[in-house]
Amino acid sequence: MSAPVQPPEARVASEHPEAAGYRAGRTLPLRVEAMRQLRRRRTLLMGGVLAALPFILIIAFAIGGTPDGEDGGGGRGGGSRINLMDVATESAANFAATSLFVSAGFLLVIPVALFCGDTVASEASWSSLRYLLAAPVPRVRLLWSKLVVALGFSLAAMVLLPVVALAAGTAAYGWGPLKLPTGGALSAGDTVPRLALVVAFIFVSQLVTAGLAFWLSTKTDAPLGAVGGAVFLTIVGNVLDAVTALGSWRDFLPAHWQFAWADALQPQLEWGGMIKGAAVSVTYALILFALAFRGFSRKDIVS
């Protein structure tokens, strides 16, 4: 009976235990992986698109006039609907909140799926994955480095949009309190912390997309398949959430809570919907990340 085949990195470590200076935890440093991803064209392109969105909205409002607001709400915990478009041009804070509102449902899904879905599959498509593992970079270390960097870039994309929107909105509409579509306003001092909470919740809610993309990235050598698959499944979740016949079953869909961050833009901060939505998203994400690590540790790498 033949001996079980060991991964390349395990063979190197066992055959050369005396290798001077080798530390598994020091292979593929996060800064190296981050610089590799930062220099890629798709990273720069995605950053440019997100930075350009606020200026596109300003031009649209200038051409179309003051927003008169059709119902802009989305499904979220609590069942209420918001209409930030009515007050989009009242201040920079309103403009930043509106920018997040119009992009959270789909546009911000794309960078998360792109950064997390392209990270491992692209190495396989370039036939460089096996050479990374033969360096030797342990498989868990490889996935961990790539996942942390991918999530970091995803968070940076979500921070970039409101930061640019605040700057552009200040120039176009001035700084002031965040006026609420339901009446009342948040003081200028409370605005930035509330918007930061909104960004944090959107990031947590997108962990499901990140988990889907990362898991698919470890299963295929086609980056487009991993990215597209994650976006497609996210859209399916949104469609299912629109099926009211599912009743309370929709509470188990991450998409059902994607606009729960609207509770942070109320005079009295409400945590219920955001806590439920975060719990659902984190649970799905942890399962998907675990599947990715488990499957990749047993996968025969040939590319």
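The two residues A278 and F201 come nearest to each other via the heavy atoms N-CE1, 3.9 Å. Here the shortest heavy-atom pairing between L186 and T191 reads O-OG1, 3.9 Å. Across all non-hydrogen atoms, the minimal contact from D241 to H256 is OD1-ND1, 2.7 Å. Between A165 and A96, the shortest heavy-atom contact is CB-CA, 3.8 Å. Across all non-hydrogen atoms, the minimal contact from L151 to F203 is O-CE1, 3.7 Å. A pairwise comparison of heavy atoms in E33 and T119 identifies OE2-OG1, 4.1 Å as the closest pair.
Rounding to the nearest 0.5 angstrom, the gap separating the CZ atom in F296 from the CG atom in L291 is 15.0 Å. Rounded to the nearest 0.5 Å, atoms CD (Q206) and SG (C116) are 10.0 Å apart. L53 contributes atom CG, which lies 10.5 Å from atom CZ of F55 (distance to the nearest 0.5 angstrom). The structure places CE of M46 at 9.0 Å from CZ of R42, a figure rounded to the nearest 0.5 Å. Of the inter-residue distances, the one linking L44 atom CG with L38 atom CG reads 6.5 Å to the nearest 0.5 angstrom. Taking CG of L207 as the start and CD1 of I202 as the end, the distance is 12.5 Å to the nearest 0.5 Å.
Heavy-atom neighbours of W249 CH2 from other residues, nucleotides or ligands within 6.0 Å: at or below the threshold of 12. Shown here is R294, whose CZ atom has no more than 12 heavy atoms of other residues, nucleotides or ligands within 6.0 Å. The number of heavy-atom neighbours closer than 6.0 Å to CG of L286, taken from other residues, nucleotides and ligands shown, is above 12.
L224 is not connected to V231 by any chain of hydrophobic side-chain contacts under 4.5 Å among Ile, Leu, Val, Met, Phe, Trp and Tyr, and they are in different clusters. Cluster membership for F106 and L57, using ILVMFWY side-chain heavy atoms within less than 4.5 angstrom, is shared. The cluster map of Ile, Leu, Val, Met, Phe, Trp and Tyr, joined by side-chain heavy atoms under 4.5 Å apart, puts L160 and I56 in different clusters. Hydrophobic clustering of Ile, Leu, Val, Met, Phe, Trp and Tyr side chains at less than 4.5 Å, counting indirect connections, unites L240 with L233.
No donor-acceptor pair closer than 3.5 Å links the side chain of S217 to the backbone N or O of A213. When atom types are taken as modelled, the side chain of T218 and the backbone of W215 share a donor-acceptor pair closer than 3.5 angstrom. Side chain of W257 to main chain of M274: no donor-acceptor pair is present (N/O by atom type, distance under 3.5 Å, no hydrogens or angles). Side chain of S281 to main chain of G277: a donor-acceptor pair is present (N/O by atom type, distance under 3.5 Å, no hydrogens or angles). A distance-only check finds no donor-acceptor pair linking the side chain of S99 to the backbone of P54 [under 3.5 Å]. The closest donor-acceptor contact from the side chain of R194 to the backbone of Q266 lies under 3.5 Å.
Using a 4.5 Å cut-off on side-chain heavy atoms (C-beta onward), V164 and L50 make no contact. Within the 4.5 Å cutoff, side-chain heavy atoms of Y173 are placed close to those of I58. Two residues are said to be in side-chain contact when any heavy atoms from C-beta on lie closer than 4.5 Å; R40 and D118 meet this criterion. Using a 4.5 Å heavy-atom threshold, the side chains of T234 and V208 count as separate. With contacts defined as side-chain heavy-atom distances shorter than 4.5 Å, the pair V204/V282 qualifies. Looking at L166 and W175, their side chains come closer than 4.5 Å, going by heavy atoms from C-beta outward.
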| task | Dump the intermediate steps for side-chain contact (heavy atoms from CB on, under 4.5 Å) on L180 and V87, then the final yes or no. | result | CA-CA 7 Å; L180 305 176; V87 292; over 6 Å; no

| request: With side-chain contact (heavy atoms from CB on, under 4.5 Å) as the test, would you mind laying out the steps for L197 and L269 before giving the verdict? | output: CA-CA 11 Å; L197 178 59; L269 181 60; 3.8 Å; yes

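Between F214 and F293, the angle of the ring planes lies from 30° to 60°, which puts this pair in the tilted group. Taking the six-membered ring where tryptophan is involved, the planes of F115 and F153 are tilted, since the angle between them lies from 30° to 60°.
Counted by atom type alone, S248 and D251 present zero donor-acceptor pairs between their side chains at under 3.5 Å.
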